[in-house]
S.K.: 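If you scroll down you'll find the structure; I have some questions about it.
Atoms considered below: every heavy atom in the structure, side chains included; atoms not considered: hydrogens, waters and symmetry mates.
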Amino acid sequence: PEWTQLREWDTGQLQPGTEAACHDITASRGRLYCAGLNATLIFDVSGLTDAEDNFNGQPLPCPVTEGTNTGAMVTDCSQFGADTRQSATGWTFLGTFNHPGRDCAPPGLPYNASCNNNLFVEADDGVSVSHEADPSPYADIMFVTDERGGGVVPPGSSCSTGVDNPYGNGGIHAFDISDPSNIQYALTPTGEKAVWRSEILTPAPTFCDVHIIEHIPDEQRLIVAYYSSGTKIVDYFIDENGRISFQETASLILPDANTWAVEDFKVVDNGDGTRTYFFLADDINRGIDIFK
């Protein structure tokens, strides 16, 4: 349980009862990165399959049956409850980072996560809701998105000046994972925690966090879906001391945007050192937008 428990922001102690399952997972180069709400975990899963890509361990004995309302065959695992103990082998726990997580209680009062937010740890100081974890191409940096307020509960999900900030508007937090057993915040060239939050925002009381991020292949460049503030292109730079800086290179905010995820489905090398990207953006309000 302690792998996914939050670390209390005022005492530094792990809080029993706050453990959670993975919200989002990313698989890359034999590792699995788990954004577990109150913590972010890394597993080595390179031994999950053998040389013929068969899974190691005993799978659930799910029967394959004919569908009732479709011609498709159905692999039905519904008879197995949530307490089923799977017996996969070949994976290893590498490490975790316990975030301050969701806590609305002031100092001295019992832990309280009823608000799905953290009203005491600022958005550039700690992760309230670990939503997604993606490694850099060389797996030395891990980017964790903070979906404060679950995207809908203000002030954690707000994009406006004054009272909603700095506790609202969750961003991207960078972690040094060169030693997964000792995950640490990456730092900026001036020594602060490496956290990026957009400065190009459409004021909104809710739905204004980072949501889904993707890496542009072979580049230190992220595509960011930012709910009501649209699509961002964010570059990151690593200096000779391993310090990280961010640059918001481009931003596209379409009318009535509520951008959930963005994927680059095509990348064209233009021969002059530039590239043209083609994007599909899944938007809660607009449907699917296609742009380049």
S.K.: Name the orientation class of the two ring planes belonging to H211 and W260 (parallel below 30°, tilted from 30 to 60°, perpendicular beyond 60°).
M.R.: tilted
S.K.: Can you label the angle between the W3 ring and the F43 ring as parallel, tilted or perpendicular, going by 30° and 60°?
M.R.: perpendicular
S.K.: Of the non-hydrogen atoms in C104 and N117, which two are nearest, and what is the gap between them?
M.R.: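 Result for this residue pair: SG-O, 4.1 Å.
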S.K.: What residue pairs, at least two apart or across chains, pass disulfide (SG to SG under 2.5 Å) with a residue in residues 247-292?
M.R.: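 Of all non-adjacent pairs touching residues 247-292, none passes disulfide (SG to SG under 2.5 Å).
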S.K.: May I ask you to decide if S178's main-chain N or O and D176's side chain share a donor-acceptor pair within less than 3.5 Å?
M.R.: yes
S.K.: Using 30° and 60° as the class limits, which term best fits the ring planes of F97 and Y185: parallel, tilted or perpendicular?
M.R.: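 Perpendicular, since the angle between the ring planes exceeds 60°.
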S.K.: Just to verify, which of V262, I212, V234 counts as forming a side chain to side chain contact (heavy atoms under 4.5 Å, CB included) with I223?
M.R.: V262
S.K.: For the side chain of N270 and the backbone of D272, is there at least one donor-acceptor N/O pair under 3.5 Å apart?
M.R.: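 Checking the backbone N and O of D272 against the side chain of N270, no donor-acceptor pair under 3.5 Å is found.
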S.K.: State whether R275 and D269 are salt-bridged, where the test is any N-O pair (Lys NZ or Arg NE/NH1/NH2 against Asp/Glu carboxylate O) under 4.0 Å.
M.R.: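 Between D269 and R275 there is a salt bridge, with a charged N closer than 4.0 Å to a carboxylate O.
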S.K.: Is any side-chain N of the basic residue among D124 and K193 closer than 4.0 Å to the acidic one's carboxylate O?
M.R.: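 Answer for the salt bridge query: no.
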S.K.: Just how far is it from atom CG of N54 to atom CG of N56, taken to the nearest 0.5 Å?
M.R.: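 These two atoms lie 8.0 Å from each other.
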S.K.: Which residue pairs pass the disulfide (SG to SG under 2.5 Å) test when at least one of the two sits in residues 198-255, sequence neighbours left out?
M.R.: C159-C208
S.K.: Who are the side-chain contact (heavy atoms from CB on, under 4.5 Å) partners of L14, not counting sequence neighbours?
M.R.: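 E2, Q5, R7, N98.
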S.K.: Counting only N and O atoms by type, is there a donor-acceptor contact under 3.5 Å from the side chain of R286 to the main-chain atoms of P255?
M.R.: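 Yes, R286 side chain to P255 backbone: donor-acceptor pair under 3.5 Å.
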S.K.: Once you measure the plane-to-plane angle for H215 and Y236, does it fall in the parallel (<30°), tilted (30-60°) or perpendicular (>60°) bin?
M.R.: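 Perpendicular: the ring planes of H215 and Y236 meet at over 60°.
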S.K.: Between the side chains of D235 and R221, is the shortest nitrogen-to-carboxylate-oxygen separation below 4.0 Å, so that they form an ion pair?
M.R.: yes
S.K.: Is the distance between the ring centroids of W196 and F237 under 6.0 Å?
M.R.: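 No; F237 has its ring centre 6.0 Å or more from that of W196.
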